[in-house]
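Take a look at the structure set out below.
Values in this document were obtained by computation on a predicted structure and should not be read as measured data. As the structure lists them, so they are numbered: ligands from 1, and atoms in each ligand from 1.
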Amino acid sequence: MRKKIVAGNWKMNNDLEAGYKLATEVNNIVKDEVTSNVEVVLCTPFIHLTGVSKLISGKVKLGAQNCYTKKSGAYTGEISVEMLKSAGVSYVILGHSERREYFGETNAMLAEKVNIVLEGGLKPIFCCGETLKQREDGIHFDLVRNQLTESLFHLSAEAFANVVIAYEPIWAIGTGVTATTEQAQEMHAILRKHIASKYGEGVANDTTIQYGGSCNPTNAPELFACPDIDGGLIGGASLEARKFIDVIKAIK
Ligand code: PEP
């Protein structure tokens, strides 16, 4: 049985005080109200990680939003996987479209980040997704399949088993426009088939594929009921405890 995971991507939001308050609220409400077997991940800015790790427990885990490809050394401003581990991190978001767009992250660079995260014993949440233009041009399936091929398919099946995929159509991120359940399910099924073609049905069936893109308490129940959607990567709605919890509770 594959794991259902709902991760909140705080992006560059919340000062320390606000972040600790949000993490505490989410942790408390998850404990009181969430009965399903879902894993909840808080992907905070780096400065919050150590503090938040002391405020969460049980189903709630800690995630980072990025890391560097090197183990240590003269890389001013970067953060290594060992540092993340020492802060209590379990997951690392890699290849978010904002990092691809604003920081020039390529599929090849992401393959290196995937390697270092897995070597360090953490789990990558690997983001993929197309722009509206790419969808309109009809190249979205090839493009997203290629993102997986180029950044992940060098992995052994054993290593790949630790990867979480997040399908995030770029046109749906932060826009209030969600993919329809048909569009999301269609892409998720295509990705699972692509994984099966490389690693076999067993690995593909066990792979968690999250949906991300303007997911909220209203649309989450329908999205999460799709057979190939195993939770969500949530941006805006993860910044308010009540909204985030209601998205989490959409997992049955
Ligand atoms: C995201 O940034 O990963 C995301 C899905 O954002 P939002 O939920 O705000 O669209």
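His194 and Thr149 share a donor-acceptor pair across their side chains, judged by distance under 3.5 Å alone. Using a 3.5 Å distance cut-off with no hydrogens or angles, the side chains of Arg192 and Asn205 do not pair a donor with an acceptor.
Shown here are the salt bridge (Lys or Arg N to Asp or Glu O under 4.0 Å) partners of Lys252, two or more places apart in sequence or in another chain: there are none.
Within 4.0 Å of ligand 1, counting heavy atoms only, the contacting residues are Asn9, Lys11, His96, Glu168, Ala172, Ile173, Gly174, Gly212, Gly213, Ser214, Leu233, Ile234, Gly235, Gly236.
Taking 4.0 Å as the cut-off between side-chain N and carboxylate O, Glu25 and Arg242 do not count as a salt-bridged pair. Ion pairing of Arg99 with Glu105 is present here, as a side-chain N (NZ or NE/NH1/NH2) and a carboxylate O approach within less than 4.0 Å.
Although no hydrogens or angles enter the test, the distance criterion places a donor-acceptor pair under 3.5 Å between the side chain of Gln65 and the main chain of Lys11.
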